[in-house]
A.B. asks: 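Just passing along the structure, written as structure tokens.
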Amino acid sequence: MMKKLEQLRKIATDDISRANDSKTIEDLEIKYFGKKSELSEILKSIVSLSNDEKREIGPAVNSLKLELFSFIENKKNEILKSELEIKMKKEYIDPTIDLKNEKIGHLHPATQLRYRLEDIFKSMGFVIYDGPQIETDFFNFEALNIPKNHPARDMQDTFYVKDDVVLRTHTSNCQVRALKELGVSLKAVVPGRVFRNEASDATHEHTFNQIECIVVDENISIANLISTVDGFVKKIFGDNVKIRLRPGYFPFVEPGFELDISCLVCGGKKCPACKHTGWLELGGTGMIHPNVLKSADIDSSHYSGFAFGFGIDRMMMQKYKIEDIRWSMSGDLRFVNQF
Ligand code: DAH
């Protein structure tokens, strides 16, 4: 029996000293101290021994048990400690890092302006409407009183996806969509991206942002148009800015206008920024053409409305005095980090 104990001590200590992860050491704990372990069998068998044998074997088994137990405990602590160290190194977070010096991204100035415009129009009771950038010929042109082969299509050459599907050339594509979906009375603005087949230069890009406004109700007149535009322009550019309407042609409005604001640089006194005119062009506007209302199944003898479409990038350029629109899409951090 003593020989058996000696063998067990040797095998167990060898096994335990070789272990180097917590799973192995747990298995060894079961192997040497579990209910079915050799040690437990030996302990059980002591009852059947003679008193002399008991006196000799009993203390020897106990001391082996204590010895192995403290050996395995030490080994286990050692392994857990080193595993914890590895884990801490891998998952280390430095709570003292000064985040103030970290560069965090921010919104592009055109997006900032778009959000500001949305807030202003929401405060004036408008809903924000969104529509597709890939659009059918019908909503982009046909429904807006621009039939196939109409010369006005030349002003808005675009990217054709298929014969009848284009990248929208303007946010006006949502005029009939919004009217059909939301019905009258309607006060909606549609901010978003538009596309043109342009040779780009300082004032033209193939991709830019517009904001469209559509108001249709009973008794809507040009006076409503002027007060709405005047109200939001003053909120964006300040109370001193004046607006003016010039006759302009757009097939989906009648009468149609070009809308200008007084030059932000010289305040109307004429300077190089406004090409010595005192005015800057913001976009087009007018009273919605009866044919457009008809495309949306709205009775034009009962309802009337106005619409405008202004370039958000153009407003951004004027607000921040940016001289070349190509900066906007350049992805150049020297540009965006100024805002
Ligand atoms: N969609 C026109 C463009 O992109 C701008 C425009 C003109 C929009 C007159 C309108 C409008 O709503 O009434 O050139």
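As the structure lists them, so they are numbered: ligands from 1, and atoms in each ligand from 1. This structure is a prediction, so every number in the text was calculated from the model and none was measured.
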A.B. asks: Show the atoms of ligand 1 that are less than 4.0 angstrom away from any heavy atom in V253.
C.D. replies: 13 (O)
A.B. asks: Considering the heavy atoms of F252, write down every atom of ligand 1 situated less than 4.0 Å from one of them.
C.D. replies: 1 (N), 2 (C), 6 (C), 7 (C), 8 (C), 9 (C), 10 (C), 11 (C)
A.B. asks: Give me the residue, atom name and distance of the protein heavy atom closest to atom 8 (C) of ligand 1.
C.D. replies: G309 N, 3.3 Å
A.B. asks: Provide, to 0.1 Å, the distance between atom 12 (O) of ligand 1 and the closest protein heavy atom, together with that atom's residue and name.
C.D. replies: E212 OE2, 2.6 Å
A.B. asks: Answer whether the closest heavy-atom distance between the side chains of I146 and R153 falls below 4.5 Å.
C.D. replies: yes
A.B. asks: Heavy atoms, side chains only, cut-off 4.5 Å: are D260 and K242 in contact?
C.D. replies: no
A.B. asks: Is the H150 ring parallel, tilted or perpendicular to the Y249 ring (thresholds 30°, 60°)?
C.D. replies: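 Parallel.
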A.B. asks: Parallel, tilted or perpendicular: which fits the ring planes of H170 and F141, with parallel below 30° and perpendicular above 60°?
C.D. replies: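 Tilted.
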A.B. asks: So is A307 polar-close to ligand 1, meaning N/O to N/O under 3.5 Å?
C.D. replies: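 For ligand 1, there is an N or O atom that lies under 3.5 Å from one belonging to A307.
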A.B. asks: Number the atoms of ligand 1 from 1 as they appear, then name those within less than 4.0 Å of a heavy atom of Q175, with their elements.
C.D. replies: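 Reading through ligand 1 atom by atom, the close ones are 12 (O).
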A.B. asks: Using a 4.0 Å cutoff against the non-hydrogen atoms of Q210, which atoms of ligand 1 qualify?
C.D. replies: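 In order of numbering, the contacting atoms are 3 (C), 4 (O).
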A.B. asks: Which ligand 1 atoms, with their elements, are less than 4.0 angstrom from a heavy-atom of G286?
C.D. replies: 13 (O)
A.B. asks: Would you say T169 has any N or O atom under 3.5 Å from an N or O of ligand 1, going by distance alone?
C.D. replies: no
A.B. asks: In terms of atom number and element, which parts of ligand 1 are under 4.0 angstrom from non-hydrogen atoms of F250?
C.D. replies: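 Heavy-atom distances to F250 below 4.0 Å select 7 (C), 9 (C).
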A.B. asks: Can you list the atoms of ligand 1 that are under 4.0 Å from a heavy atom of Q156?
C.D. replies: 3 (C), 4 (O), 14 (O)
A.B. asks: Counting only heavy atoms, which portion of M155 has something under 4.0 Å from ligand 1: side chain, backbone, both, or neither?
C.D. replies: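 For M155, no heavy atom sits under 4.0 Å from ligand 1.
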A.B. asks: Mind checking whether F250 and F252 have parallel, tilted or perpendicular rings, split at 30° and 60°?
C.D. replies: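 The arrangement is tilted - the two ring planes meet at 30° to 60°.
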A.B. asks: L167 versus E135: any side-chain heavy-atom pair under 4.5 Å?
C.D. replies: no
A.B. asks: Would you indicate whether I134, at its atom CD1, is surrounded by more than 12 heavy atoms from other residues, nucleotides or ligands within a distance under 6.0 Å?
C.D. replies: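 For I134, atom CD1 is not crowded (no more than 12 foreign heavy atoms under 6.0 Å).
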A.B. asks: For a 4.5 angstrom cut-off between non-hydrogen side-chain atoms, does F237 reach M315?
C.D. replies: yes
A.B. asks: Under the rule for side chain to side chain contact (heavy atoms under 4.5 Å, CB included), what residues qualify as partners of R326, not counting sequence neighbours?
C.D. replies: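 S200, A202, E205, D324.
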A.B. asks: Which of the atoms of ligand 1 are close to R196, meaning less than 4.0 Å from one of its heavy atoms?
C.D. replies: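 Answer for ligand 1: 3 (C), 4 (O), 14 (O).
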